[in-house]
Amino acid sequence: MRRILVTSALPNANGAIHLGHMLEHIQTDIWVRFQRMMGNQCIYVCADDTHGTATMLAAEREGVTPEALIERLRAEHAEDFRRFHVSHDNYYSTHSPENEHYNREIYTRLAERGYTYTADVEQLYDPVRKLFLADRYLKGNCPRCGADDQYGDNCQECGATYDATELVEPRSMLSDAEPELRNSTHYFVDLPQFADFLKEWTATEAVQSEVANKLAEWLTGGLKAWDISRDAPYFGFRIPGTEDKYFYVWMDAPVGYMASFQNLCDRTEGLEFDDFWRPGTQAEVHHFIGKDIINFHCLFWPAVLSGSDFRTPTKVHVHGMLTVDGKQMSKSRGTFINAGTYLEHLDPEYLRYYLATKFGGNTDDMDFGLDDFVQRVNADLVGKVVNIASRCAGFIGKNFGGRLAGDIRDTELWDAVSGAGDELAELYESGDTGRAVRRITALADLGNRYIAEHEPWKHLRDPDRRDEVHGVCSLGINVFRALAVYLKPILPAMAEKAEGFLRVEQLAWHDAATPLLDHEIDRFKPLFTRIDKKALDKVIEATRAEAAEASAAQESHTVGIDDFQKVDLRVAKVLAANFVDGADKLLALDLDVGDHQRRVFAGIRSAYDPAKLVGRLVVVVANLEPRTMRFGVSEGMVLAAGPGGRDIFLLAPDAGAEPGMQVT
RNA sequence: GGCUGCGUAGCUCAGUUGGUUAGAGCACAGCAUUCAUAAUGCUGGGGUCGUUGGUUCAAGUCCAACCGCAGCUACCA
């Protein structure tokens, strides 16, 4: 029995799970379920990737703590995956004590062995927001071609790459302030010391050949030291021995795989962390990732592991990106589909099956063709596979008491179907489920052809041919059963229904090799319904609507008077103001809006004493969609100016204004 | 700009080390069938294999340039 630990890349705690995430988790889950069906021990862990400046800023915008924000998203993400039948053994968080423990341990070991050092770095600093700016938060003019509005790493116009400090007329995207050049001490992993190790490691079976080719670019071009620290304020783990330095999120994210596993071990008898992570163990570790994060998983991660005396990954399975109708997923086209939106209208197994037809175990991009999706799923699953059971079950039930024949009538067909197991197993193992599905549907074609040739409906009336009819239909059911086994890693829910129909225990891989004989089965109920194209259209419409809402809210620089008039601004009087338990940025305000009262949570605690707010007038957005926060529902928004922190200034109408008056 | 990979019928994809008239499924057309969720079976039309040039007796397959797509380019998580 193999002992295997499997991971999918950690989704970021800054948005909903979408089809791109689902692609990776479905691919991983198919492989995991296949391994379990083969009788291997296969543990599948994942987590939300929670740290970084983005989380900090998002929490600030929502007026909640980062901890509250990431826990809400973690729960949502875990639920989305569960509903798609993704069988994580643990879906954890990188913001966990286990993760902090292993980050410290890894860092300490690296430092002890001389793999780390510090150096001063010149970096752009936002004097208003008081933080160092990552490239993505900087814009300016390209130092080479002069194009304006370019990010801090490279130019979209001329393709030049440069350092953020070279930008002409740089601006902070957070405050629009002109950044200052400041010095800061940073911590580095001395990657060049791992060059020989990495050259060796990337030449093994651990990575696909095209991935090794890509990695050769870094390995032959010369590795640079890796900057693993960030300055406060930063949402993350503090580096041991420092006051204001934090681990860069890409340092602690992969360690999150270990942390999630440790957390599972702590509540699972017989599961030992060291069995999987000590050097030289026979247990396997497999990572599934997209081609966008190859360098983190195939350079930094194995180097860090080997330098801190942990085992290195058995294999990194890299997949390509998902396009929809041949183009990048796009919010305006309605193709940036969230998992939750999909689930409102469609069965998750449609997507699992369709994506399975696309996986080839390589890094090619995969296209989600909307029409193709509908046709492929309906034709293959309903028309071919399930149809075999559907057309045979009636005969068995009505004429033979629901009992299958005692022997296999035609060994040629049965041998072809039952004998495909080894080949299919190899295809699943290598990740080529596309080819596996093609082989399986070809077997279904054999089954349907066999039934058509033997025309059981014609011979049913002939008492001399009763046995023949019984044998043909029983074989049909057995073909279906084998196909259900072969498809079970992809379609677990369908397989479960099939188990009920066949009245059998959980199907394992080897069950496909032995037929079900002289066995009573249940009445047939539809195992799979066809996709209605209209349901898919609704998904696209809903996605487009979500996007329109979001972009209307933030994108346009100028608004028409119509847009402005949609905002219902009212004068309100503060009746009560209170601290909120567990929220360090919020105040709960009870407002008199003229004809009624309402409660609003405002992120102004850092600047206002609640006692001094009572009785004063403020301006409130009265028709803002109510937002459910951890502490209750916020029904509106109080207007204020300023960058935040101590500098928040509430708007106030002049004397004479009354609660409820509209602001125009 | 550099790097990795991809570009084959209307659509989604197969095409091993270059070797006879380039394949499958879906879609489409015709026929058959009616057991089955308008499901199935048989037959058929449809491609100058992204473009151009080269190597070779022979190129979808090897080489070069160009075009298009995706990703990376070390601070995008």
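Chain naming here is simple, since letters A, B, ... match the order of the sequence lines and numbering starts at 1 in each.
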Could you check whether A:Gln375 gets within reach of a base, just the sugar-phosphate, or nothing at all, counting any heavy atom under 4.0 Å?
sugar-phosphate

Distance check, rounded to the nearest 0.5 Å: A:Glu67 atom CD versus A:Phe235 atom CZ?
4.5 Å

Between the side-chain atoms of A:Asp371 and the base atoms of B:rC11, is any donor-acceptor pair under 3.5 Å?
no

Which listed nucleotide (B:rG5, B:rA74, B:rC72) is nearest to the side chain of A:Leu223?
B:rA74

Name the nucleic acid region contacted by A:Leu299, choosing base, sugar-phosphate or nothing; use a 4.0 angstrom heavy-atom cut-off, strictly under.
nothing

Taking atom C1' in both B:rA22 and B:rU61, compute the distance separating them and give it to the nearest angstrom.
12 Å

Please tell me which of A:Leu446 and A:Phe528 maps to the more 5' nucleotide of RNA chain B, matching each residue to the nucleotide holding its nearest heavy atom.
A:Phe528

Respond yes when some side-chain nitrogen or oxygen of A:Gln328 is under 4.0 Å from OP1 or OP2 of B:rA70, and no when none is.
yes

Nearest to the A:Arg449 side chain among B:rC42, B:rC3, B:rU37, which nucleotide is it?
B:rC42

When rounded to the nearest Å, what value does the distance between P atoms of B:rG23 and B:rC69 take?
32 Å

Would one find a side-chain N or O of A:Trp250 under 4.0 angstrom from OP1 or OP2 of B:rA74?
no

Counting heavy atoms from C-beta on, name the nucleotide in B:rC75, B:rU4, B:rG25 closest to the side chain of A:Arg230.
B:rC75

Which is true for A:Ala54 with a 4.0 Å heavy-atom rule: it touches a base, it touches only sugar-phosphate, or it touches nothing?
nothing

If only side-chain N and O atoms of A:Asn378 are considered, is one of them under 4.0 Å from the OP1 or OP2 phosphate oxygen of B:rC26?
no

Given B:rA14, B:rG41, B:rC35, the nucleotide with the shortest approach to the side chain of A:Ile451
B:rC35

What does A:Phe296 touch in the nucleic acid at a heavy-atom separation under 4.0 angstrom: a base, only the sugar-phosphate, or nothing?
base

Each stem that RNA chain B is part of, given as range with range (3 or more consecutive Watson-Crick or G-U pairs, under 3.5 Å):
B:1-7 with B:67-73, B:10-13 with B:23-26, B:28-32 with B:40-44, B:50-54 with B:62-66

Should A:Lys358 be listed as having a side-chain N or O under 4.0 Å from OP1 or OP2 of B:rC13?
yes

A:Asn387 side-chain N/O to B:rU37 phosphate OP1/OP2 under 4.0 Å:
no

Under 4.0 angstrom, heavy atoms only, what part of the nucleic acid is A:Val211 near: base, sugar-phosphate, or nothing?
nothing

